[in-house]
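Report on the structure given below.
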Amino acid sequence: ALTFYADKMVAPYFPAIDSIGNLWVPGYISNTLTEFDPTGKNLSGANGFTGGGLNLPYSIAIDASDNPWVINFGPINASTVSKFSTTGASLTSSPFPCAPECFFPAFDAAQNLWISGTGQTTVLRGDGSVLKTFSTAAYDSGIAINSAGIGWTIGQQRTLSHFGLPATQASNPETTTAAAGNDLTSIAIDSADNVWYASSLSNTLGVSDKNGNPISPTAGYTGGGLKG
């Protein structure tokens with residue numbers, strides 16, 4: 001087993017791995033970005049990478065040039081996005097605005113950055129400007145992009161939402177996540193464009209086809225150690 005440790009990395013949240021296997025970790029409390037090589041060696045120094053408007057950094061996506069883009073939960077009710085180079089240098093003197101509450105990012109094939117949020121899904125161009133916003137009723141759900149460039153996320157009240165540029169939006173019901181909402185739901189897409197989603201409250205795993213039709217049982221898949 002490997003241990004990835006940095007003394008000044010306080011409250012590590014949702015990391016990402018670049019094309020050479022380096023791990024980038026946001027420090028939510030320390031307002032730092034830490035890089036580790038695949039063996040666990042700290043590449044970002046004792047204090048980590050700072051600057052660039054890091055403010056409660058929450059999650060990361062890596063673009064095609066291996067630059068990390070960091071979703072900042074802060075300022076509260078005004079989330080932002082910071083961009084760094086492969087060497088950890090800040091590429092944003094001021095972070096890009098996102099939405100009141102932004103959570104998880106994913107890049108599409110055109111290198112647009114899709115970001116899930118409580119009240120909207122935001123799409124940024126490669127220069128950080130806003131390309132599109134889609135209204136949603138989500139919480140802190142993940143987001144994933146399929147082979148056709150469609151973004152998928154989970155909304156409250158068991159809704160699987162999908163969006164296409166320039167302005168297509170639809171939703172499908174699902175029965176796997178918690179009915180009460182406020183469910184931390186990761187989401188991923190397989191090679192057949194099926195959409196997989198996990199519920200941290202129900203301890204279940206669900207899957208729908210590329211059109212949003214459920215494949216998994218009504219209560220989702222359980223067992224296998226699913227917990228939280």
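Residue numbers start at 1 and run along the sequence shown.
- Tracing side-chain contacts under 4.5 Å through hydrophobic residues (I, L, V, M, F, W, Y), one never reaches L43 starting from L2; they form parts of separate clusters.
- Between T80 and C98 the shortest side-chain heavy-atom distance does not fall below 4.5 Å.
- In this model, no donor atom of one side chain and acceptor atom of the other lie less than 3.5 Å apart for S161 and T159.
- Interatomic distance, I71 CD1 to C102 SG, rounded to the nearest 0.5 Å: 6.5 Å.
- In this structure, Q111 contributes its side chain and A64 its backbone to a donor-acceptor pair below 3.5 Å.
- Exactly one residue among I62, T86, D66 makes a side chain to side chain contact (heavy atoms under 4.5 Å, CB included) with S19. That residue is D66.
- Atoms OH and CZ, from Y13 and F73 in turn, are 9.5 Å apart once rounded to the nearest 0.5 Å.
- For the pair I189 and I145, the minimum side-chain heavy-atom distance is 4.5 Å or more.
- Under the 4.5 Å side-chain criterion, counting only non-hydrogen atoms from C-beta, V81 is not in contact with T92.
- Checking S141 against Y197 by side-chain atom types alone, no donor-acceptor pair falls below 3.5 Å.
- Atom OG1 of residue T153 and atom CZ of residue F104 lie 9.5 Å apart, to the nearest 0.5 angstrom.
- For the pair L33/I60, a side-chain contact is recorded, criterion being any heavy-atom separation below 4.5 Å from C-beta on.
- Here the side chain of Q169 pairs no donor or acceptor atom with the backbone of T136 at under 3.5 angstrom.
- You'll find the side chain of P57 reaches within 4.5 Å of the side chain of N72, heavy atoms only.
- With contacts defined as side-chain heavy-atom distances shorter than 4.5 Å, the pair S216/T176 qualifies.
- Cluster membership for V195 and I154, using ILVMFWY side-chain heavy atoms within less than 4.5 angstrom, is shared.
- No hydrogens or angles considered: a donor-acceptor pair under 3.5 Å links the side chains of N22 and E35.
- Side chain of N211 to backbone of N213: no donor-acceptor contact under 3.5 angstrom is found.
- The closest side-chain heavy-atom distance from N172 to H162 is below 4.5 Å.
- Taking 4.5 Å as the limit, every side-chain heavy atom of D127 sits out of range of all side-chain heavy atoms of F96.
- Applying the ring-ring contact (aromatic ring centres under 6.0 Å, His included) test between W69 and each of F107, F84, Y58, W24 identifies F107 as the sole match.
- Residue S116 holds its OG atom at 13.5 Å from CZ of F134, rounded to the nearest 0.5 Å.
- Hydrophobic clustering keeps V25 apart from V10 (ILVMFWY residues linked when any side-chain heavy atoms are closer than 4.5 Å, directly or through intermediates).
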